[in-house]
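These notes are about the structure you will find just below.
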Amino acid sequence: MGIAFPSGSISVTTTTGDTVILRICDLCGATVIDAEDTDLAFHKRWHRMTGSGNWVDPATGTIHGPGSLPR
C-alpha cells in the first residue's frame, strides 16, 4: 500500500468567507497555497534548485519524482 496524493487543486473557505486554493505537489505531496508570489510552479522550481525532486514511498521503497528510474 502506497501513499496516494490527491491530484489537481482543493479549495478551502475560511471563517471570514475567503476562498483559498491549495494545489498538491505531485513530487512530495505538499499543499501549496495559490497566491501572489507563491504557487506550485515556484514550489517545483525549489525542488529542482535544491535537488530534492525525488521522494521515497516508505511503504514500498519506490522512488518517485523527475529523476527516478522505473522499476
Side-chain angles (χ1 to χ4, degrees):
M1 173 189 268
I3 298 172
F5 297 114
S7 61
S9 62
I10 300 167
S11 64
V12 178
T13 304
T14 67
T15 56
T16 60
D18 296 323
T19 300
V20 178
I21 297 173
L22 302 173
R23 303 209 183 268
I24 307 300
C25 176
D26 58 346
L27 299 176
C28 69
T31 55
V32 180
I33 296 173
D34 193 20
E36 188 175 340
D37 297 331
T38 181
D39 61 6
L40 188 57
F42 177 80
H43 177 81
K44 287 187 175 184
R45 283 192 302 274
W46 174 83
H47 276 297
R48 286 192 301 274
M49 291 184 307
T50 61
S52 63
N54 295 338
W55 62 275
V56 178
D57 183 334
T60 64
T62 303
I63 300 172
H64 300 273
S68 61
L69 299 173
R71 289 187 173 193

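Numbers here simply count residues along the sequence, with the first being 1.
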Return the CG to CG distance between D34 and L22, rounded to the nearest 0.5 Å.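 Result: 9.0 Å between the selected atoms.
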
When rounded to the nearest 0.5 angstrom, what distance separates OG1 in T31 from NE2 in H43?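 Answer for the OG1-NE2 pair, T31 versus H43, is 9.0 Å.
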
Where is the tightest heavy-atom contact between L40 and I24, given as atom of each residue plus distance?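 Of all heavy-atom pairs spanning L40 and I24, the closest is CD2-O, 3.9 Å.
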
Cluster question for you: counting only ILVMFWY and a side-chain heavy-atom cut-off of under 4.5 Å, with indirect links fine, are I33 and V12 together?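 Yes.
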
